[in-house]
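As structure tokens, the structure follows; a few thoughts come after it.
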Amino acid sequence: MNAEIIKKVVIAGGGTAGWCAAAALSRLLGSVLDITLIESADIGIVGVGESTIPTVRAFHHLISVDEQDFMRETGATFKLGIDFENWARQGDRYFHSFGTLGKSPWMAHFYNIWLEARSRGLGGSLDDYSLETKAAMAGKFQLHKNLSINYAYHLDAVLYGKYLRKLSEEAGVKRQEGQIVSVQQDAGTGFITSVTLASGEVIEGDLFIDCTGFRGLLIEETLKTGYEDWSHWIRTDRALAVQTESAGAPLPYTKVVAHTAGWRWRIPLQTRVGNGLVYSGAHMSDDEAHALLTKSLDAPMVNTPRVIKYKTGRRRKIWNKNCVAMGLSSGFIEPLESTSIHLFQKSILNLIQNFPFFGITDALVARYNELSDREAEYARDFVILHYKLTERSDSPFWPENAEMTVPDSLQARIDLFRESGMAYQEPGELFRTDSWAQVMLGQRLEPQGWHRLGALMNEAEMNQVFDGLKATVDNTVTNMMPQDAFLKQYCPTAIA
């Protein structure tokens, strides 16, 4: 235990993670903390986390971000979900939407009623009952008080960091330019006491937040925390990223297309498109990945493709002594379901809720690490699900994934859904029941049974329910604006 009052917070590293931490701490706890962020213009940032999930809106609300201002400054577009192609089988396509499916009574989730209807040749496509899916496929998006729609954003990660920096500095955060060359520790406790910059300046702190990326300068190089490797479950280990000019109106969803050794993404912003290829280096060379990515592009490149290597997993302790790791320094799953920004935003909010104002205690650190571990495992399991539930055999990569032993927590979910059609969301878990159901059904996991609430309806009653729900969704989408028209009206960007 360190019973000293915690006042001076030092954030090592900028980028999206560092400035998210700075913005949240300064705007929510500002007057009781002294916050310094150290970053070097000579150190590049990964900057490819351009796709988010709806929890980012709650984070923005808490730190009082103006949505229109943020979207203009970052060239952002709206995101209603993810379009998956070629995952269970080549030629397959399904949509993971951010909304709810149909209307669920307390007794059972709507998709169970749909499963009952399907068994009787009724009900049509499950997508017919998702506003977000139908709007995404139509390229529509709109906000008004009578429209309930769940969404996230596509954004420029570098500009997002700059936007958060502006908010942070307005709230009193001090930015220190410089590169950390050494870290000093207390000889007795091992706690970090200060960092020294290349200029010779020494910056002292009570609590240090490590946002130094994969390197983990404080959490790993200094504190030797250790890393739990998840690469036996998530076998991709590198990504190739490039930006292209816009090709047509931006669609309100992320496109994710599986290939022989992983998958590629397409993320449309207002003035350009983010593209990338995620792959396993054991199954595809960097040159092959480069050729595959450039072949898939539908517009000229505006920068040079770059390879980002990573190892999936997490630090054995996210909070160790007086250092908390956030962003890539805490670990990495992979970008398939856009969880990275969520996880470090949740980390900083957890820290604020469990802040060690009167000293760092073992109990507080253990509680924080328990929350962090659980949240990372929920996200990890959801990502692994996509790889495990595949029937592809066109390359060695996919059968290896299908045959792997998955975490017990995930296997229990798969077995439950297969045997009884039941999906669930644990308290505090990121992905909702409908998300699990959409992905498991989309990946061809067919349940052997389901809740039979729907069996209480005869054919006429069932048709009335499903026809009414479908008509409501269709009419709503018909009256929505194309996303590009709404963006020009709501948040036109000034980015060239």
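For the pair R444 and D92, the salt-bridge criterion is met [side-chain N within less than 4.0 Å of a carboxylate O]. Residues E375 and K346 are paired through a salt bridge, judged by an N-O separation under 4.0 Å between the basic side chain and the carboxylate. Between E169 and R175, no side-chain nitrogen of the basic residue sits less than 4.0 Å from a carboxylate oxygen of the acidic one, so the salt-bridge criterion is not met. Ion pairing between R315 and E228 fails under the 4.0 Å rule for side-chain N and carboxylate O. Salt bridge absent: D381 and R413 never bring a charged side-chain N and a carboxylate O closer than 4.0 Å. Classification of E50 and R272 as a salt-bridged pair holds, one side-chain N sitting under 4.0 Å from a carboxylate O. A salt bridge does not link E377 with R374: every distance from a Lys NZ or Arg NE/NH1/NH2 to an Asp or Glu carboxylate oxygen is 4.0 Å or more. In summary, R392 and D394 engage in a salt bridge, as defined by a charged side-chain N under 4.0 Å from a carboxylate O.
The aromatic rings of H386 and W87 sit perpendicular, their planes meeting at an angle over 60°, well past the 30° parallel limit. Taking the six-membered ring for Trp and thresholds of 30 and 60 degrees, F486 and Y490 have nearly parallel ring planes, at less than 30 degrees apart.
Listed for the D128 side chain is no donor-acceptor partner under 3.5 Å among the backbone atoms of K470.
In summary, the side chains of D69 and Y163 do present a donor paired with an acceptor at a separation below 3.5 Å, with no hydrogens or angles considered. In summary, the side chains of E116 and W450 do present a donor paired with an acceptor at a separation below 3.5 Å, with no hydrogens or angles considered.
Checked against the 6.0 Å centroid threshold, Y160 and H60 count as a close aromatic pair.
Between the CZ atom of R72 and the CD1 atom of I495 there is a distance of 11.5 Å, given to the nearest 0.5 Å. Note: I53 CD1 to K79 NZ = 7.5 Å, rounded to the nearest 0.5 Å.
Residue W436 forms a ring-ring contact (aromatic ring centres under 6.0 Å, His included) with just one option from F382, Y424, F431, and that option is F382.
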